[in-house]
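Working notes, structure below.
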Number of protein chains: 2
Amino acid sequence: MRSFLLGSALALSPALTAFAETPARPATAPAPSPAEIVAASPAADWTAIAPADLLVMDLAADAAGKPRRVVIQLLPPPFSQGWIGNIRTLAAAHWWDGTSINRAQDGYVVQWGDPDGEDKARAKPLPPGMRVVPQSEYEAQPDPKSMERIFARLTDQQIEINLQQVHDAREPTPVIGGGDNYALATWFIDGWPVASKLETIWPTHCYGTVGVGRDMPPDTGSGAELYAVIGHAPRQLDRNIAVIGRVIEGMEHLSTLPRGTGDIGFYRTAAERTPIRAIRIGADVPGLPTYEYLSTTSASFARYADARANRRDPFYIRPAGGVDICNVPVPVRRRQP
Amino acid sequence: MRSFLLGSALALSPALTAFAETPARPATAPAPSPAEIVAASPAADWTAIAPADLLVMDLAADAAGKPRRVVIQLLPPPFSQGWIGNIRTLAAAHWWDGTSINRAQDGYVVQWGDPDGEDKARAKPLPPGMRVVPQSEYEAQPDPKSMERIFARLTDQQIEINLQQVHDAREPTPVIGGGDNYALATWFIDGWPVASKLETIWPTHCYGTVGVGRDMPPDTGSGAELYAVIGHAPRQLDRNIAVIGRVIEGMEHLSTLPRGTGDIGFYRTAAERTPIRAIRIGADVPGLPTYEYLSTTSASFARYADARANRRDPFYIRPAGGVDICNVPVPVRRRQP
């Protein structure tokens with residue numbers, strides 16, 4: 001397995017070439033911020049998200065009567081498709097309608113589903129057709145050829161740099177693609193942050209990540225109980241619990257919820273829970289806008305990620321020279337008219 | 001500079017020995033969670049925080065009339081003492097009383113101070129005795145001998161492991177002490193998360209970190225404008241802006257504030273701002289409880305950090321084998337009676 005780690009940097013994609021080069025700039029033009037790079041990116045660098053890959057949660061209106069909608073993008077194959085199939089079944093059955101947000105633990109997660117789910121006598125029955133998903137689906141095992149291609153394209157040069165840097169004891173990982181405290185390599189696949197060791201890839205828990213609540217192992221959860229991360233990336237959950245998507249709009253409706261005062265942030269009373277009016281697949285929601293993400297293989301994304309790792313815009317005096325995967329949130333927006 | 005990187009692991013402190021060893025456990029006793037390790041730690045492993053090192057912010061009561069108090073612990077020397085001196089001056093002058101929280105940007109920061117601070121004609125005058133603090137104080141330059149001791153104690157073995165691991169292309173950093181995407185080494189000093197390259201140490205931006213808002217460089221901010229991190233660690237701010245402390249109680253009063261809808265989360269109207277009733281140094285607040293933190297040189301902390309990096313408690317099926325510095329929040333509590 002080792003050969004590709006020391007492969008040629010000549011195989012670099014155009015995107016990674018953009019990572020590697022710092023364009024010379026006239027002294028009068030300040031370097032753009034990550035947000036400015038995103039704003040200036042051409043329409044062709046954005047990829048539309050199919051409405052069938054969105055999960056739309058409508059909470060009860062807030063105290064001022066304003067609607068609260070949370071839009072979640074579901075992970076694409078090869079990740080977590082067993083749970084995502086269950087989530088499609090649950091949404092089609094309108095199973096979540098009338099359930100609630102039951103937990104808000106500061107700096108960690110907000111969690112929703114059946115508030116009586118842990119009480120077998122009172123739990124809401126699940127719809128027919130639900131799968132029991134094995135723990136092995138916490139990770140993906142792509143065929144070795146595609147894995148080698150991915151490594152070759154995105155991490156060859158990086159790992160060489162890392163080796164050199166550790167020997168020189170000078171600088172940490174300068175751009176994404178290298179390892180972090182949790183994985184040998186981190187990068188993006190089809191718009192999603194992922195981490196890997198040599199034989200396996202998994203989606204990472206970052207701010208806004210949505211996952212599947214579960215009981216003690218070997219339970220893996222059905223998908224009926226979901227949570228969203230509202231604090232620093234809890235990467236210890238990676239490969240221990242299923243990631244199924246991320247919040248792409250309306251995150252503030254979750255992150256600002258009053259924190260629960262019960263154990264691990266559960267609400268003590270029913271009155272504290274926020275009712276869920278409906279959860280639907282996006283294709284079943286009339287009038288939903290089209291969402292799009294900045295393609296993670298585009299030159300714009302490469303410049304954006306590089307700028308997240310090396311802030312050269314005027315506010316900064318010292319670029320960090322590196323960044324962790326969860327500090328490079330993939331830009332998502334409503335499709336521009 | 002290289003010799004100490006390959007020094008002997010025999011110099012390991014008792015705390016790091018605890019890191020390195022996985023105690024054998026009878027099959028019937030489940031491994032404790034980080035919270036259980038903290039709960040079981042002896043009183044002697046906790047260090048009291050002097051009231052003079054606390055900053056107490058009382059916000060206006062919430063909609064239900066409940067008081068909202070945020071308690072912030074100030075950084076000890078050698079970090080950021082120029083700004084912290086200014087903050088003491090501002091608190092003694094009651095300068096913040098009647099100011100407000102002016103910004104809440106989801107996943108990033110909440111910021112407070114004079115809402116008219118950017119308008120020179122209307123800005124509230126600062127009290128006498130404020131220092132202009134140089135950018136050099138974003139970092140600390142300890143004397144080389146103490147630096148070498150710190151490295152020798154906390155990272156020798158780690159860097160050896162890293163070197164071996166990169167060569168073997170097997171595993172990432174297994175415990176704190178090693179580098180991350182932003183620094184050559186990360187660890188704790190006197191209860192605080194820090195990062196370093198060889199010649200310098202700086203405090204890290206984590207969830208709950210409090211820092212000093214500023215204008216464009218070379219401005220470094222006075223300390224009158226403060227922010228708290230409410231999302232994933234924005235480590236790109238390290239060494240670009242002054243860290244002065246962390247929220248140790250009442251974080252939820254900041255993290256749940258409605259997000260501002262103006263540019264970068266500023267509130268558009270005065271009515272949206274949360275009034276600040278008073279900010280005082282803890283020594284000037286009658287009846288304040290004593291707070292204490294789990295000493296970061298204690299055996300309990302070593303076990304806690306190891307457990308954060310390697311979750312072996314029953315909920316987990318796969319310990320991560322590593323952790324980033326901001327995912328090891330230092331336990332702080334009210335002193336136990």
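Quick caveat: nothing in here was measured; it's all calculated off a predicted structure. Per chain, numbering begins at 1; letters A, B, ... match sequence-line order.
- Heavy-atom distances place the backbone of B/P234, and not its side chain, under 4.5 Å from chain A.
- Between A/V323 and B/N181, the closest side-chain pair of non-hydrogen atoms is not below 4.5 Å.
- Here CE of B/M216 is found 10.0 Å from OH of A/Y316. Values are rounded to the nearest 0.5 Å.
- Looking at A/R259 and B/S255, their side chains come closer than 4.5 Å, going by heavy atoms from C-beta outward.
- Residues A/Y207 and B/D106 are in side-chain contact: their nearest non-hydrogen atoms beyond the backbone lie under 4.5 Å apart.
- Judged by distance alone, with hydrogens and angles left aside, the side-chain atoms of A/Y182 form a donor-acceptor pair with the main-chain N or O of B/D324 at under 3.5 Å.
- Remark: the backbone N or O of B/I317 is paired with a side-chain donor or acceptor of A/N240 at under 3.5 angstrom.
- The side-chain heavy atoms of B/H232 and A/N327, taken from C-beta on, include a pair separated by under 4.5 Å.
- Here the closest heavy-atom approach between residue A/P258 and residue B/T256 is recorded as CA-CG2, 4.5 Å.
- Taking the ring centre of A/F315 as origin, the terminal cationic atom of B/R214 falls inside the region bounded by 6.0 Å and 45° from the ring axis.
- Contact annotation for B/L257: only backbone heavy atoms (N, CA, C, O) come within less than 4.5 Å of a heavy atom of chain A.
- Contacts between B/D215 and chain A at a heavy-atom distance below 4.5 Å involve the backbone alone (N, CA, C, O).
- Contacts between B/R318 and chain A at a heavy-atom distance below 4.5 Å involve backbone atoms as well as side-chain atoms.
- Proximity to chain A is absent for every atom of B/Q105, based on heavy atoms less than 4.5 angstrom apart.
- With chain A as partner, the option from B/G208, B/A104, B/A233 having the largest number of non-hydrogen pairs under 4.5 angstrom is B/A233.
- For chain B, the nearby parts of A/R239 are the backbone and the side chain; heavy atoms of each come within less than 4.5 Å.
- Only the backbone of B/I230 has a heavy atom closer than 4.5 Å to any heavy atom of chain A.
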